[in-house]
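One structure is given below, encoded as structure tokens.
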Amino acid sequence: MGHIEIYNSKNVLIDANTLFSMFYPSGKQIQLTYDNSRAVITEVGATLRIFEVGGEPVIWGFDENEICSAGRGQVLAPWPGRIQDGTYTFLGTQGVAGLDDLDRCCAIHGLVRWVPWKIQDLTSESVQLEYWLAPQPAYQFSLRLTVIYTLGNQGLTVNYHALNEGDKPLPFGIGFHPYLAVNNGSVDNARIQIPASIRLLLSDRGLPVGTESVATTSHDFRQDNTSLRVSHEMRALGNLRMSDCYSDLSFEEDGNWRVLFKPSTYSETTVEVWGDHNFKYVLVFTGDPLPEGIRRRAVAIEPMTCPPNAFRTGKDVIILQPGETNSGKWGISQLERTNLV
């Protein structure tokens with residue numbers, strides 16, 4: 001096979017070390033670097049497979065020879081979470097999606113996790129991927145999705161853009177599924193701070209059936225101090241089993257909410273997952289239902305624009321008119337100790 005030169009949209013030759021491809025289950029592997037941080041994004045699903053700082057993992061990723069399991073790093077669109085029985089109706093149009101959560105008789109996490117995305121632009125620090133979701137029985141609308149991953153001095157930033165390319169309104173929601181790595185192989189000693197006052201009550205099928213205030217409950221991970229960056233007040237997870245969707249998030253002056261996470265009780269590292277006003281929900285998952293060997297190995301902190309089953313309930317579904325775009329961003333940062341006091 002001859003040498004293939006790849007150029008980005010600015011006609012700049014891409015370093016061969018930035019993009020590499022063999023017969024990997026997740027397709028081309030796109031490597032980004034900035035200072036001492038590194039990320040790898042996969043062609044399949046526009047999935048975040050690796051994010052590390054100083055050679056230490058920030059997220060719990062997966063090997064290049066593996067098929068992604070447990071949703072690690074995946075993009076969840078055009079809906080995050082589950083749809084009851086895989087069916088819904090929007091403005092008279094019915095959607096019938098495959099039941100990929102058979103135990104709960106639900107369709108889960110959308111339609112773009114297992115498809116190859118197109119690489120539209122690439123530098124050593126950033127990649128833009130795009131996917132056209134064609135009308136189909138599960139989603140009879142024309143949606144063009146763009147996701148941009150960028151490494152910089154603020155850590156990893158992820159932007160999304162959703163464009164309605166069809167001739168009728170469409171429903172839209174999106175989420176992302178990063179797991180934060182823990183020390184010592186278990187989430188028990190990890191600490192977390194969640195700036196949310198409401199928890200959705202989920203049925204045994206993972207579908208919302210109500211809400212409750214987190215006050216006086218074991219699911220209250222707020223702190224009394226108005227600053228969200230005092231890490232020593234973060235609560236340990238202990239043996240708490242979590243698959244909890246939070247709302248009524250507290251936004252800071254810059255318009256973002258922030259979840260703080262320490263990989264162990266005595267770790268000097270604090271990781272921040274943040275989201276803008278588009279992400280009204282964050283789901284925290286300790287991985288208890290996962291198979292033995294990967295159970296409680298990491299904590300998923302999932303920014304979502306709408307709750308589970310939103311296509312059935314209509315709750316916070318984004319409606320895009322023909323030609324209309326919705327855009328948002330979230331990210332992961334590793335904070336220095338001096339930023340936490």
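Summarising the geometry, atom CH2 belonging to Trp274 is positioned 14.0 Å from atom CG belonging to Leu249; distances are rounded to the nearest 0.5 Å. Here the straight-line distance linking atom SG of Cys68 with atom CG of Asp63 works out to 12.0 Å at 0.5 Å rounding. Rounding to the nearest 0.5 Å gives a distance of 13.0 Å between NZ of Lys280 and SG of Cys245. Once rounded to the nearest 0.5 Å, the distance linking CD of Glu272 with CG of Leu180 reads 11.0 Å.
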Show me the donor-acceptor pairs, under 3.5 Å and distance only, between side chains in residues 76-85 and residues at least two apart or in other chains.
from	atom 1	to	atom 2	distance (Å)
Arg82	NE	Asp101	OD2	2.6
Arg82	NH2	Asp101	OD2	3.2
Asp85	OD1	Arg205	NH2	2.9

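Ser126 approaches Thr150 most closely through the heavy-atom pair OG-OG1, 3.1 Å. Minimum heavy-atom separation, Pro322 to Pro169: CD-N, 4.0 Å. Across Ala39 and Leu48, no two heavy atoms sit closer than the pair CB-CD1, 4.3 Å. In this structure, Pro171 and Val317 approach most closely via the heavy-atom pair CB-CG1, 3.6 Å. Closest approach of Pro303 to Val282, counting heavy atoms only: N-CG2, 4.4 Å. Considering every non-hydrogen atom in both Pro308 and Gly206, the closest pair reads CB-O, 3.8 Å.
In Asn65, the CG atom is crowded: over 12 heavy atoms of neighbouring residues, nucleotides or ligands sit closer than 6.0 Å. Under a cut-off of 6.0 angstrom, the local environment of CD1 in Ile67 is sparse, with at most 12 non-hydrogen atoms contributed by other residues, nucleotides or ligands. Heavy atoms from other residues, nucleotides or ligands lying under 6.0 Å from CZ of Arg295 number more than 12. Applying the 6.0 Å contact sphere to CG of Asn239 captures no more than 12 heavy atoms from other residues, nucleotides or ligands. Environment of NZ in Lys168: crowded, with over 12 heavy atoms of neighbouring residues, nucleotides or ligands closer than 6.0 Å.
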Stepwise side chain to side chain donor-acceptor pair (under 3.5 Å) check, Asn183 with Asn189: CA-CA 8 Å; Asn183 295 343; Asn189 294 319; over 6 Å; no
Test log, rule side-chain contact (heavy atoms from CB on, under 4.5 Å), inputs Arg199 and Thr211: CA-CA 6 Å; Arg199 180 174 76 105; Thr211 62; over 6 Å; no
From CA spacing to verdict: side chain to side chain donor-acceptor pair (under 3.5 Å), Ser197, Asp248: CA-CA 6 Å; Ser197 59; Asp248 196 16; 2.4 Å; yes
Worked check of salt bridge (charged side-chain N to carboxylate O under 4.0 Å, His left out) between Lys329 and Asp276: CA-CA 6 Å; Lys329 63 181 178 179; Asp276 71 8; over 6 Å; no
Salt bridge (charged side-chain N to carboxylate O under 4.0 Å, His left out) between Glu165 and Arg144, intermediate numbers included: CA-CA 7 Å; Glu165 290 195 332; Arg144 189 167 299 275; 2.6 Å; yes
Side chain to side chain donor-acceptor pair (under 3.5 Å) between Thr286 and Asp288, worked out: CA-CA 6 Å; Thr286 51; Asp288 296 272; 2.5 Å; yes
Step-by-step side chain to side chain donor-acceptor pair (under 3.5 Å) determination, Arg258 to Ser250: CA-CA 8 Å; Arg258 287 174 169 82; Ser250 296; over 6 Å; no
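Side-chain polar atoms of Gln193 and Arg222 form no donor-acceptor pair below 3.5 angstrom. Between the side chains of Thr325 and His161, no donor N or O sits under 3.5 Å from an acceptor N or O. Residues Trp132 and Ser142 have side chains that bring a donor and an acceptor to within less than 3.5 angstrom of each other. When only modelled atom types and interatomic distance are considered, Arg312 and Thr89 share no side-chain donor-acceptor pair under 3.5 Å.
Checking side-chain atoms of Gln29 against main-chain N and O of Gly27 turns up a donor-acceptor pair under 3.5 Å. With Arg38 contributing its side chain and Tyr34 its backbone, the two residues share no donor-acceptor pair below 3.5 Å. Remark: the backbone N or O of Leu320 is paired with a side-chain donor or acceptor of Asn164 at under 3.5 angstrom. Using a distance-only test at 3.5 Å, with no hydrogens or angles considered, a donor-acceptor pair links the side chain of Gln140 to the main chain of Gln94. Here the side chain of Lys262 pairs a donor or acceptor atom with the backbone of Ser267 at under 3.5 angstrom. Checked by atom type and distance alone, the side chain of Arg191 pairs as donor or acceptor with a backbone atom of Met234 at under 3.5 Å. With hydrogens and angles disregarded, no donor-acceptor distance shorter than 3.5 Å links the side chain of Ser124 to the backbone of Thr33. The closest donor-acceptor contact from the side chain of Thr157 to the backbone of Gln154 lies at 3.5 Å or more, if one exists at all. In terms of modelled atom types and a separation under 3.5 Å, the side chain of Glu56 and the main chain of Val53 share no donor-acceptor contact. Between the side chain of Glu43 and the main chain of Lys28, a donor-acceptor pair closer than 3.5 Å is present.
Residue Ile294 belongs to a hydrophobic cluster whose other members are Trp60, Tyr179, Leu200, Leu202, Tyr281, Leu283, Phe285, Leu290, Met304, with links defined by side-chain heavy atoms closer than 4.5 Å. Under a 4.5 Å side-chain heavy-atom cut-off, the cluster of Ile, Leu, Val, Met, Phe, Trp and Tyr residues that includes Leu163 has no other member.
Annotation: cation-pi pair Arg235/Phe221 present, NZ/CZ under 6.0 Å from the ring centroid and within 45° of its normal.
Using cut-offs of 30° and 60° on the angle between ring planes, the pair Phe176 and Trp330 is tilted.
Between Tyr160 and Phe279, the distance from one ring center to the other falls under 6.0 angstrom.
A 4.5 Å side-chain heavy-atom check between Arg49 and Phe62 finds at least one atom pair inside the cut-off.
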